[in-house]
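Data block below; observations after.
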Amino acid sequence: MLKIYNTLARDKQDFQPLIPNTVRMYVCGMTVYDLCHLGHARVMVVFDMVYRWFKASGYDITYVRNITDIDDKIIKRAAQNGESIHALTQRFIDAMHEDADALGVQRPDHEPRATQYVQQMLDMIAKLEAHGLAYQSEDGDVNYAVRKFEGYGKLSGKSLEDLRAGERVDVAEGKHDPLDFVLWKHAKPDEAAEVQWDSKWGKGRPGWHIECSAMGSDLLGERFDIHGGGADLQFPHHENEIAQSEGAHQCQYVNYWMHNGFVNVDKEKMSKSLGNFFTIREVLKKYDAEVVRFFILRAHYRSPLNYSDAHLDDAKGALTRLYTALKTTGEVGSAKVGDWNEAYAQRFKAAMDDDFNTPEAVAVLFDLANEVNRTQSPASAAQLKALAGVLGLLQRDAQVFLQGGVGEDGLDDAAIAAQIAARVAAKSAKDYAEADRIRKALLADGIVLEDTAAGTSWRRA
RNA sequence: GGUGCGUUAGCAAAUCGGUUAUGCCCCGGAUUGCAAAUCCGGUUAGCCCAGUUCGACUCUGGGACGCACCUCCA
């Protein structure tokens with residue numbers, strides 16, 4: 001039985017889908033005004049892992065990850081660049097897909113763009129207005145009347161009074177209550193036609209929170225199973241989504257809320273505003289994408305994940321051990337897990353069923369690698385590759401991983417082969433001094449030699 | 001100020017009321033011409049205080065420290 005930590009309940013709960021054997025999952029995606037950083041990588045990889053685990057467990061899952069392609073930052077950035085909104089967002093959507101692909105993140109079933117769902121958003125705002133939960137203020141904005149929605153704060157565990165006490169932001173004109181949030185922003189005179197839509201409240205554009213509510217219900221229904229996103233979205237974004245969706249549809253919105261932890265730098269949250277972020281492509285210049293994926297999955301999704309070169313190096317070494325185990329047994333194919341009752345598979349499954357405990361699942365992989373090294377059993381090697389495949393790991397040819405370099409301009413394969421041949425000759429002539437000299441020279445170039453019964457092989461350090 | 005989460009060996013990171021986590025590092029042995037890889041074994045834990053218990057890293061209470069949210073944020 002799969003258990004999921006439900007933020008709404010602050011507890012691990014048995015997962016019961018609304019429709020047997022079917023999962024409907026929505027995850028908040030990116031606002032595309034810039035390149036994705038490692039924090040975004042974590043959301044994508046974590047929920048990709050969740051997506052894969054549901055599939056491996058036999059569920060029919062529909063996964064939606066939205067794209068916010070209209071908001072203040074996008075408008076501002078486009079103006080700065082002298083570029084259209086569409087050109088800007090398309091550029092960063094393409095970049096996001098490249099990054100996601102590199103990290104082995106499967107495409108969600110749907111990637112709705114906010115600009116294509118404005119009508120659904122307007123319909124929803126109309127419903128909220130009809131239910132007395134939304135009002136238009138003098139300035140033209142349509143706001144949500146937070147105090148009219150009973151249960152506001154149930155996800156984040158905040159009471160309206162608490163929120164008020166910590167208020168640190170200037171109250172916008174026209175709101176009945178400082179905590180009310182905007183559903184529809186009236187068009188400003190200097191804004192491009194591209195960011196204006198007609199509505200019964202006048203020209204304008206949607207607020208951020210309404211996007212997800214509208215896209216989620218349109219693609220997955222008024223009530224669905226799982227909603228995920230970064231822990232920072234818990235409040236106010238997800239809290240507001242609940243208020244909107246439950247207010248408009250008069251039924252529960254989501255059964256299980258999942259929130260992933262942050263990527264930290266020096267124990268501080270990596271974020272745009274702090275400026276302490278590393279973009280995915282920046283990191284991929286130094287580290288293999290699979291190492292980055294492994295680095296993310298080796299921590300629990302709810303724990304903080306501290307980023308540093310030392311930790312990436314550590315992850316690389318660990319992943320190398322797994323690939324080394326596969327190398328010695330040769331190519332084993334990429335078959336799916338055949339028997340989930342097999343001992344290692346059982347442990348792996350138990351770990352994954354326990355709120356997606358990937359660190360434990362990875363530990364099983366290492367135990368299995370030890371068995372592979374000990375027994376040289378092709379069946380064990382195949383199992384290792386199959387289980388790792390569930391996490392989107394270890395699917396490349398071992399030799400390719402071990403000999404691959406990232407952004408290296410060192411020795412090419414032919415040069416290495418020539419050096420190895422020269423060393424073999426020296427060895428058979430018992431000229432060990434020369435043999436060791438060659439090995440040392442190669443090591444200085446980042447090439448590690450390993451003599452085996454079958455001959456000398458090499459890998460990059 | 002309010003709310004929530006966390007504090008595990010040199011580093012990273014899980015589980016668990018009593019039995020080897022796991023990876024990297026380190027030490028010893030096997031193997032090797034020597035290494036590397038691999039195998040076998042070992043060293044290094046549970047922020048502090050009190051309580052519950054036959055027994056607590058694991059439960060309860062208090063404290064310290066750290067982080068996050070309360071503003072856009074994955």
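The figures that follow rest on heavy atoms only: side chains count, while hydrogens, waters and symmetry mates do not. Residue numbering restarts at 1 for every chain, and letters A, B, ... go by the order of the sequence lines.
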Item to check | Value in whole Å for how far the P atom of B:G23 lies from CG of A:Leu312 | outcome: 20 Å

Item to check | Distance in angstrom units between A:Asp266 CG and B:A12 P, rounded | outcome: 12 Å

Checklist entry - Rounding to a whole Å, what distance do you find between A:His259:NE2 and B:C70:P? => result 12 Å

Checklist entry - Are any non-hydrogen side-chain atoms of A:Phe149 and A:Ile242 less than 4.5 angstrom apart? => result yes

Next on the checklist: Does B:A36 have its OP1 or OP2 closer than 4.0 Å to a side-chain nitrogen or oxygen of A:Arg321?
Outcome noted: no

Checklist entry - Does a side-chain N or O from A:Asn357 land closer than 4.0 Å to OP1 or OP2 of B:A14, or not? => result no

Checklist entry - Whole-Å distance between B:A68 P and A:Asp162 CG? => result 20 Å

Item to check | A:Phe348 and A:Trp340 aromatic ring geometry - parallel, tilted or perpendicular at 30°/60° bounds | outcome: tilted

Item to check | Between P of B:A68 and CG of A:Asn306, the distance in whole Å | outcome: 11 Å

Checklist entry - Do A:Asp451 and B:C34 share a donor-acceptor pair, side chain to base, under 3.5 Å? => result yes

Checklist entry - Between the main-chain N or O of A:Asn260 and the side-chain N or O of A:Arg302, is there a donor-acceptor pair closer than 3.5 Å? => result no

Next on the checklist: With a 4.0 Å cut-off on N to O distance, would you call A:Lys3 and A:Asp14 a salt bridge?
Outcome noted: yes

Next on the checklist: Should the side chain of A:Arg42 and the base of B:A74 be counted as holding a donor-acceptor pair, with the cut-off at 3.5 Å?
Outcome noted: no

Checklist entry - Is the base of B:C5 touched by the side chain of A:Arg302 through a donor-acceptor pair closer than 3.5 angstrom? => result no

Checklist entry - Side chain of A:Lys158, base of B:C70: donor and acceptor closer than 3.5 Å? => result no

Item to check | A:Arg374 side chain, from C-beta outward: closest of B:G23, B:C40, B:A74 | outcome: B:C40

Checklist entry - B:G6 P sits how many Å from A:Phe262 CZ, rounded? => result 14 Å

